[in-house]
Amino acid sequence: MSLQLEPTAEEIQSQRLYTDMGVKDHEYKRIVQLIGRKPNYTEIGLFSVLWSEHCSYKHSKPLLKQFPSSGTHILQGPGEGAGVVDIGDDQAVVFKVESHNHPSAVEPYQGAATGVGGILRDVFSMGARPIALLNSLRFGPLATPHVRYLFEEVVAGISGYGNCVGVPTIGGEVQFDETYAGNPLVNAMCVGLIEQKHLQKGIAAGVGNTVMYVGAPTGRDGIHGATFASEELNESSAEKRPSVQVGDPFTEKRVLEACLELVKSDALVGIQDMGAAGLTSSAAEMASKEGSGIDMNLDVVPQREKGMTPYEMMLSESQERMLLVVQKGREKEMEAICQKWDIESAVIGTVKEDQQLTLEFQGQVVADVPVTALTDEAPVYDVPSEEPFSYQEHQQLPTWRPKRKDHNATLLELLERPTIASKEWVYDQYDHMVQTNTLVMPGSDSAVLRIRGTKKALAMTMDGNSRYIALDPYIGGKIAVAEAARNIVCSGAEPLALTDCLNYGSPEQPNIYWQLEQSTAGMSQACNTFETPVVSGNVSLYNETNGEAIHPTPIVGMVGLVKDLEHVTTQHFKQAGDYIYVIGEAESAWGGSELQLLEDGEISGKVPHMDLDLEEKRQQQVLGAIRDGLIQSAHDISEGGLAVAVAECVMDTEFGAAMTMENNAAELFSETQSRYVISVAPEHAQELEQAIPDARRYGTVTEEKALSIKTREEQTLILQPTDTLTHVWKGAIPCLVRSKV
Amino acid sequence: MVNVHVYITLKEGVLDPQGKAVQHSLTALGYEGVEEVKVGKWIKLEVAEGSDLDARIESMCEQLLANPVIENYTYQVEREAQV
Amino acid sequence: MVNVHVYITLKEGVLDPQGKAVQHSLTALGYEGVEEVKVGKWIKLEVAEGSDLDARIESMCEQLLANPVIENYTYQVEREAQV
Amino acid sequence: MKAAVIVFPGSNCDRDMAHALQDFTDVKTVDLIPHTAESVDRYDAIFLPGGFSYGDYLRSGAIARFAPVMESVVSEAKKGKTVVGICNGFQILLEAGLLPGAMKRNTNLKYICRTVNVKVENSGTRFTSDYEEGEVLRIPIAHGDGNYECDEQTYETLKMNHRIVFSYESDVNGSTGRIAGITNEAGNVLGMMPHPERAMETLLGSEDGRGLFTSVYHHWRDTHVVTT
Ligand SMILES: Nc1ncnc2c1ncn2[C@@H]1O[C@H](COP(=O)(O)OP(=O)(O)O)[C@@H](O)[C@H]1O
Ligand SMILES: [Mg+2]
């Protein structure tokens, strides 16, 4: 649509054209009040994207505020491209998670790929070199061809982008559940490393300074992506998408190297990526953070297509672009660096005193709006919250008990469940070794990367079991954080901080808002207990298909610090003859468990209990014992309970395990929280038992490659060769993917 | 059996990093006047003849061969010259 | 400017993993009688006209666009219909 | 010995390669050389690292082979200098015609990253003298286009002249003859898909890759350093 053909301000009002952009009637009125006149087409476009849920957090802001976000080691909490945490030696770790659910539902390969691209830019825009990528994925059951297509393409997209950029994808998680059949989740996390002195901010400071555009030219990609991400999916979603964003990892790699060089120059004042809502949000946010304004000349914005209008340029979500503020007079230095990396750059504007975002195009002012109206004045909704009936119903249900008696068969069936099965099929496609720092590769509780030149290492993980949260968002929220922390501890690291991605249905539904409220409250409490502040995150709402919301799915991405490489621990058994201990007692905790789902096809009842103080105490004990060199291997007990956990300890090893326990389904399969299975060299047994009083010896790592679990009366509960376990566990996903029926 | 040629290309306006890279490289190699390059796919299939041939081809393209969200396709049926 | 269409495919006798996968999937999807599938490239270029056009195209193909070790190419020049 | 590691736009194993040379061999100088460099003639060995040069758009290595620096790489190779291409580097050497054959997509059409068993088929080369013939190494692979293809005659020639230096113990990507690495006729140019530079430390899983770099170094020392 050319400029002349755009609807006039009057038409926008009289025909309520703003509603097509996702702006509500009362929001429109408020905009008119704020700018003192009717907005033109470009201006209403700016508001529509910045006031979308994706950019303004209008339904979630009050909830996010309750997260603890500071601490002595926190250098940057939420509000910038990514959170920053001090790890000593003048170094810091930088990380954030981002969702790309909606784009991935429509075009899975590109949706996932550009999700990776976006989160990388968030991290290197802080001045940090990306050192790791992780991802958390949710799909429907692999039984349908469309889900298999989504799954294969999403994984291929992540692999295609991350591998090319040369950042190892070292971890993540994948779960499958009916609830995601129409609305897959693709959350990507990036971790970067920085020398603290290079830390950058996205600010437009210094009146008279120059605004520069760096990176790929702008096309008509993904216009209204931010709005799109703030709506539920329906049949017309495919058409609505004007043009899917296509990622170009080769350009990203060059933009990355160029930016890491740019940030070393003192001529650079501020830098931010153009993410959701592109040029609009980066310009408005950079000005807003500094209380300044920006004048921009859109004629000089690098363009890929002919005849683009201001509206299109401002709302485009073309990938691989950055916005810089540079000291006046030093533009040439920046240009030279861009040229070296063969990246386009252009001087497109100036920082000014009045707090207006003013856009010129072909000699006319095409938009002139107060920056604060776009950002700070974005509406925040006090949404009604209502506990759903189902919650009380589940609470009242009598305790669920498994009916199966054949534990041997149950174990194999659990290992075959795609949610539990090995994800090797996925991570084999990710380059998880490039940069040669990966100490613990995908396949253990957390991935661990060494920091060259130091004795330190970083552990990282992503977790979030939505089944608990669906039944009980408050306890489920606590569990999500606790599980992530437990995974970090198992690898020998101390949890530092976390980033979170809140994937929910429509917050305008009181029941869903209640889920948000309860789960974030639970998460906050856990963060407080573990002293792991939330330093960054992302909110993805309206994850619904034709009115049906997904399970509430907050994903936690956590980073921990290994103080000494000696402490790095994995879940795999290390030596025959080592004693196997289980820490924590099993209770009959079945609500939301994998076994319940296996037996009933649905989840119900009360979720496992979560005592945060006990959780914290055990984490300290386990970490202490690891640091004291008492522990050979450590694995937390989660989906599928102890039997699955022990099976995972023997798989991919030359060993087996011989254990004795009660003939009790809870012992074997319950998902009681705050539990671990560890192995300990016999000479350390006594010391360990003192250090961790809740540790009970259950058996021994054996040379014989089989998992044998018996009762004290020598009744066999489980007997499976290690190879069978491995075969079933590793074969499950490839087999499902290959089946074309 | 007939030979079917399916030609797939990115839709107008969709970024084509491959095309861009090839164009860049051709220019660097000294080929002047190469203005636009698009890299697409050409799929050759040997398919059984039949009255529903067109319908079958179209359905194959939409279901599997092309990605209708970002790609367009055209096709050609090549029949042996009749004697 | 003229539009040039370059079609590249693996040489006869070179196994085509992509083609095989497509054929497999088509059969699995229930399309019967799909015998052979080859996945190749279709590169569209906008090139300056000139008497040496054919020579230029051939040289571009041999130097860059196709890998003569395993690929064959053909091309077509599309000229606007003359009035 | 002076080693050059070429950095193409999109290379991403360049630093890993430099670390391998610097930290685990006695090579004195290791320089990262940009793709725009005019000459690499002052180096004793030239390493083409892995990654996605030019995004691997069109075909892996196809565009990189025309990078300005390649002219000098080719002429040094013809003069008998040691040239090693790993992964994307191997693909570039194939495209440049310094080694015979071509790469196709892996048979499973997916990128594969995992540690595999690689057999030393010929320990009589300057790249493998520190290994035992028949030794099985644990070395990571990480590629989408590692399915080596050549015609029968080329394959016979490679085999007869012991130019197949490394092979996969099992079929991982569909390569003709399970070829993982080959040399040129003169024996001074090696291309291999597995990443020895990722197998330098037990801490990271394997140190079986060291032999490659030490062999290259020892070859240089034996031919350049006069011992009395
Ligand atoms: N769930 C959350 N918890 C904590 N911080 C959050 C959360 N969601 C978003 N944030 C923070 O709000 C800021 C804006 O987020 P976002 O709009 O996603 O960033 P971007 O513009 O880079 O996409 C970021 O600093 C982000 O870390
Ligand atoms: Mg951002």
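Order of the sequence lines fixes the chain letters, A, B, ..., with proteins taken first and strands second; residue numbering starts at 1 for each chain. Please read these numbers as outputs of a predicted model, since none were measured by experiment.
Between Y7(C) and Y7(B), the ring-plane angle classifies as tilted under the 30° and 60° cut-offs.
In this structure, chain C has a heavy atom under 4.5 Å from the side chain of Y31(B), while its backbone stays farther away. Interface residue L45(B): backbone and side-chain heavy atoms are both found under 4.5 Å from chain C. Within the 4.5 angstrom heavy-atom criterion, only backbone atoms of I8(B) (N, CA, C, O) approach chain C.
Contact annotation: the side chain of K41(B) never approaches that of K41(C) to less than 4.5 Å [non-hydrogen atoms, C-beta and beyond]. Between M60(B) and V34(C) there is a side-chain heavy-atom pair separated by less than 4.5 Å. Using a 4.5 Å heavy-atom threshold, the side chains of K44(C) and V37(B) count as separate.
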>> Pair L29(B), Q63(C) - check side chain to side chain contact (heavy atoms under 4.5 Å, CB included), show working.
In response: CA-CA 9 Å; L29(B) 285 171; Q63(C) 224 190 332; 3.8 Å; yes
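Atoms OG1 and NE2, on T9(B) and H5(C) in that order, are 10.0 Å from each other to the nearest 0.5 Å. In this structure, CG on N3(C) lies 11.0 Å from CD on E35(B), to the nearest 0.5 angstrom. Interatomic distance, CD of E32(B) versus CZ of R56(C), reported as 9.5 Å (0.5 Å rounding).
For the options A48(B), S25(B), G40(B), heavy-atom pairs under 4.5 Å to chain C are most numerous at G40(B).
For the side-chain contact (heavy atoms from CB on, under 4.5 Å) with E46(B), the qualifying choice from Q23(C), E36(C), K38(C) is E36(C), the only one to do so.
Atom CD of E12(C) sits in a sparse spot, with 12 or fewer heavy atoms from other residues, nucleotides or ligands closer than 6.0 Å. No more than 12 heavy atoms of other residues, nucleotides or ligands shown are found within 6.0 angstrom of NZ on K20(C).
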